[in-house]
Visitor: 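Below is the structure I would like to discuss, written out as structure tokens.
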Amino acid sequence: MSHPTDFTLTQAIQALHSGEISSRELTQAYLDRIELLEPDLNAFITLAAEGALAQADEADSKLIEFRKNGIENESPLLGIPIAIKDVLVVKGLRATAGSRILESFTPPYDATAVARLREAGVVILGKTNTDEFAMGSSTENSAYGVTHNPWDSSRVPGGSSGGSAAAVAARMAPVALGTDTGGSVRQPASFCGLTGLKPTYGRVSRYGLIAYGSSLDTVGVLGQNVADVALVYNSINGNDPRDATSTNQPRQEINLDGSATLQNVRLGIPEEYFGEGLQAEVESAVREAIRVFASMGAEIHPIQLPHTQYAVPVYYLIAPAEASANLARFDGLRYGPRIEGVDLRDTYRATRGHLFGHETKRRIMLGTYALSAGYQDAYYGKAQKVRALIQRDFESAFETVDLIAAPVAPTTAFEIGAHRGDPLAMYLEDVYTLPANLAGVPGIAFPVGFDSRGLPIGMQLLGEHFREQQLMNAVHNYQTVTDWHIKRPDL
Ligand code: GLN
């Protein structure tokens with residue numbers, strides 16, 4: 001038997017169900033590995049070892065009973081450990097969102113995605129590191145220290161779901177939840193050699209997700225391969241009356257039985273995603289992967305998404321505008337710590353002034369400005385109009401192609417500190433991921449090679465709204481004939 005932390009999720013499920021291993025043993029193996037690697041990687045903000053072992057014991061008694069009575073276990077995730085990004089609330093576990101302003105906040109309820117995983121019987125290992133309020137592309141904006149990339153500890157794991165990505169890449173968890181407002185599942189998946197799904201906007205409830213940009217926020221999954229990601233996605237998606245923007249569609253069950261081929265699938269290659277600034281090694285790995293898709297029957301079509309160049313300015317108006325409104329609730333009175341001032345205004349000022357980090361303050365200022373009287377039409381209103389053009393780009397592209405193939409990020413994982421003091425350079429890292437969020441379409445990132453430094457290269461497929469099955473079929477086909485997703489960092 002290989003070491004339990006080497007299992008894919010699919011293998012761990014088999015081992016649990018056959019009785020080869022117990023959930024307690026599996027959970028303990030992950031906790032031991034976290035203890036070993038966490039000092040170097042800093043993937044977690046809060047660990048939940050005790051609760052995890054209790055949940056594992058509960059799962060074990062169910063698994064034993066099912067086996068004894070020959071009952072078919074209908075919940076594949078029963079007894080499976082998982083890590084949760086610290087912007088999703090878990091009842092009774094501190095939720096910081098990477099911010100000091102929430103350093104002492106323990107939520108009294110579960111996010112819907114978490115509640116559904118709990119019903120499925122998962123074991124929650126802990127809460128993973130993130131840029132403060134998910135604002136960033138590197139985890140460097142976390143108030144709890146940077147997370148290190150398991151492939152090269154001098155580099156970032158990407159962000160903002162960098163803690164989730166590092167945890168899965170380092171085998172400190174078999175799978176993890178992340179969130180993607182502008183790329184925060186796909187880009188860290190790409191930087192850490194993982195498969196990461198950003199579902200259609202509304203497909204997974206945002207209830208219990210600490211809001212960043214509410215019209216863009218999605219809850220996604222990071223795993224070692226698409227089959228693992230699909231298993232978690234299956235239990236978290238679907239209508240939720242607690243989120244008014246959630247889809248009215250019932251829960252979708254992804255099926256990757258291999259029957260769907262790439263024959264006649266029309267793959268669009270947007271010229272705007274292969275321009276200036278794209279690292280040559282990233283481009284050649286992505287183009288090679290496209291050849292693999294073609295060799296399996298996909299038709300390759302050059303396409304255009306002409307408003308791509310506006311995605312960065314549009315996103316960096318809309319996301320901060322929404323964030324400035326969402327973050328108004330952190331006033332030192334309702335959640336977390338308070339710095340007492342001489343009067344109410346002074347209390348607000350002291351609490352928010354001291355406990356929000358630099359990037360969060362920058363976004364609040366940007367957003368407040370973009371929404372202020374006299375400027376709203378020129379900035380926020382204009383951005384909304386251009387957002388509609390970006391959405392239309394995708395609509396017309398999907399009239400001629402089924403899926404769109406592109407790089408996830410212009411570069412592989414950059415060095416910690418590379419963009420220190422240069423927020424614009426950091427924002428430009430998001431150029432290929434933001435458009436999908438602005439349009440609300442689903443996307444999936446997956447590994448397609450390594451650069452000359454041995455750092456993973458990712459690419460993404462984007463699909464029409466609610467076409468997650470088609471996206472995952474395509475990646476499943478690719479992962480059947482390639483083995484980039486099997487490579488592991490030496491730790
Ligand atoms: N990097 C982008 C930002 O800083 C996206 C973050 C995200 O998807 N949460 O806003």
Side-chain angles (χ1 to χ4, degrees), residues 84-88 97-99 128-142 146-147 156-165 176-191 196-201 204 206 209-222 311-324 326-327 356-367 370 383 387 408-411 413-414 418-420 422-445 458 460 462:
I84 313 276
K85 184 179 181 181
D86 206 18
V87 291
L88 286 155
S99 183
T128 56
N129 201 9
T130 167
D131 289 288
E132 186 173 10
F133 293 106
M135 296 170 179
S137 314
S138 67
T139 77
E140 292 169 289
N141 297 333
S142 168
V146 68
T147 296
V156 303
S160 60
S161 313
S164 285
L177 289 190
T179 62
D180 192 314
T181 302
S184 282
V185 164
R186 288 163 289 154
Q187 185 254 24
S190 172
F191 280 13
L197 174 73
K198 171 228 176 282
T200 307
Y201 179 79
V204 177
R206 292 184 294 110
L209 163 60
I210 297 172
Y212 166 17
S214 303
S215 75
L216 304 154
D217 290 342
T218 61
V219 179
V221 186
L222 296 106
V312 171
V314 165
Y315 174 91
Y316 279 99
L317 281 167
I318 292 176
E322 294 181 5
S324 69
N326 279 326
L327 269 49
F356 279 139
H358 290 304
E359 184 60 26
T360 304
K361 287 182 191 166
R362 179 179 298 120
R363 306 255 181 134
I364 291 172
M365 285 187 275
L366 270 169
R387 179 179 188 173
V408 177
T411 64
F414 47 87
H419 299 317
R420 192 168 291 144
D422 190 354
L424 192 57
M426 188 73 94
Y427 300 169
L428 288 169
E429 288 284 340
D430 301 336
V431 55
Y432 303 140
T433 48
L434 304 175
N437 299 79
L438 291 167
V441 299
I444 186 163
Q460 62 179 337
L462 306 176

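We count ligands from 1, going down the list as the structure has it; atoms in each ligand are counted the same way.
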Visitor: How far is atom 5 (C) of ligand 1 from its nearest protein heavy atom, and which residue and atom name does that atom have?
Guide: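 The protein heavy atom lying closest is Y315 OH, 3.3 Å.
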Visitor: Using a strict 4.0 Å cut-off to heavy atoms of Y212, name the atoms of ligand 1 that fall inside it.
Guide: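 Selected atoms, number and element: 3 (C), 9 (N), 10 (O).
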Visitor: Measure R186 to ligand 1 on non-hydrogen atoms and call it side chain, backbone, both or neither using the 4.0 Å cut-off.
Guide: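 For R186, no heavy atom sits under 4.0 Å from ligand 1.
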Visitor: With a 4.5 Å cut-off on side-chain heavy atoms, are V185 and L222 touching?
Guide: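 Result yes, sub-4.5 Å side-chain heavy-atom pair found.
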Visitor: Considering only non-hydrogen protein atoms, determine which one is nearest to atom 2 (C) of ligand 1 and report residue, atom name and distance to 0.1 Å.
Guide: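 Residue, atom and distance for the closest contact: D430 OD2, 3.1 Å.
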Visitor: Counting from 1, what ligand 1 atoms have a heavy atom of G182 closer than 4.0 Å?
Guide: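 Here the atoms of ligand 1 in question are 5 (C), 7 (C), 8 (O).
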Visitor: Please check this pair: side chain of S138 against backbone of G159, looking for a donor-acceptor N/O pair closer than 3.5 Å.
Guide: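 Such a contact is absent between S138 side chain and G159 backbone.
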Visitor: Given that the side chain starts at C-beta and the backbone is N, CA, C, O, which of these parts of T181 lies under 4.0 Å from ligand 1, counting heavy atoms, or is it both or neither?
Guide: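 The answer is both, backbone and side chain.
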Visitor: Would you find a donor on one side and an acceptor on the other, under 3.5 Å apart, between the side chain of T128 and the backbone of G163?
Guide: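 No; judged by distance alone, with no hydrogens or angles, the pair does not exist.
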Visitor: Using distance alone, decide if ligand 1 has a nitrogen or oxygen within less than 3.5 Å of any nitrogen or oxygen in R363.
Guide: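 Between R363 and ligand 1, an N or O pair is found under 3.5 Å apart.
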Visitor: In sequence, state the C-alpha distance, the side-chain angles, and the governing distance for E140 and H419, and then conclude on side-chain hydrogen bond (donor to acceptor under 3.5 Å, both in side chains).
Guide: CA-CA 10 Å; E140 292 169 289; H419 299 317; over 6 Å; no
Visitor: Of all the atoms in ligand 1, which lie at a distance below 4.0 Å from a heavy atom belonging to Y316?
Guide: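 Under 4.0 Å from Y316, ligand 1 has these atoms: 1 (N), 2 (C), 3 (C), 4 (O), 10 (O).
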Visitor: Just to be sure I read this right, does ligand 1 sit under 4.0 Å from the backbone of S160, its side chain, both, or neither, counting only heavy atoms?
Guide: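 Side chain only; the backbone of S160 stays clear of ligand 1.
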Visitor: Using only heavy-atom distances, determine whether the side chains of Q187 and T433 contain a donor-acceptor pair under 3.5 Å.
Guide: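 No - no donor-acceptor pair under 3.5 Å links their side chains.
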Visitor: Below 3.5 angstrom, do we get any N/O pair linking M135 and ligand 1?
Guide: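 No, no N or O pair falls under 3.5 Å.
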Visitor: Where the side chain of E132 meets the backbone of G357, is there a donor-acceptor pair that is under 3.5 Å apart?
Guide: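 Between the backbone of G357 and the side chain of E132 there is a qualifying donor-acceptor contact (under 3.5 Å).
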Visitor: Check ligand 1 against A134 and write out every atom of the ligand that is under 4.0 Å from a heavy-atom position of the residue.
Guide: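 Every atom of ligand 1 under 4.0 Å from some heavy atom of A134: 6 (C), 7 (C), 9 (N).
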Visitor: Could you check whether any side-chain N or O of S164 sits under 3.5 Å from a backbone N or O of L177, counting only pairs where one atom can act as donor and the other as acceptor?
Guide: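 Such a contact is found between S164 side chain and L177 backbone.
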Visitor: Can you confirm, on distance only, whether ligand 1 has an N/O atom lying under 3.5 Å from any N/O atom belonging to L434?
Guide: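 No.
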Visitor: What protein heavy atom lies closest to atom 7 (C) of ligand 1? Include the residue and the distance to one decimal.
Guide: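 Ranked first by proximity to atom 7 (C) of ligand 1 is S184 OG, 2.4 Å.
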Visitor: Return yes or no for this condition: an N or O of K85 is under 3.5 Å from an N or O of ligand 1.
Guide: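 Not met; the criterion fails.
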Visitor: Any side-chain heavy atom of Y212 within less than 4.5 Å of one from N326?
Guide: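 No, too far: nothing below the 4.5 Å cut-off.
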Visitor: In this structure, which one of R206, R186, K85, K198 forms a salt bridge (charged side-chain N to carboxylate O under 4.0 Å, His left out) with D180?
Guide: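 Among the candidates, only R186 passes.
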Visitor: Give the numbers and elements of all ligand 1 atoms closer than 4.0 Å to a heavy atom of G136.
Guide: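 Counting from 1, the qualifying ligand atoms are 1 (N), 2 (C), 3 (C), 4 (O), 6 (C).
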Visitor: Under 30°, 30 to 60°, or over 60°: which ring-plane class applies to F191 and F414, parallel, tilted or perpendicular?
Guide: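 Perpendicular.
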Visitor: Is A319 in contact with ligand 1, taking contact as a heavy-atom separation below 4.0 Å?
Guide: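 No; A319 lies far enough from ligand 1 that no heavy-atom distance drops under 4.0 Å.
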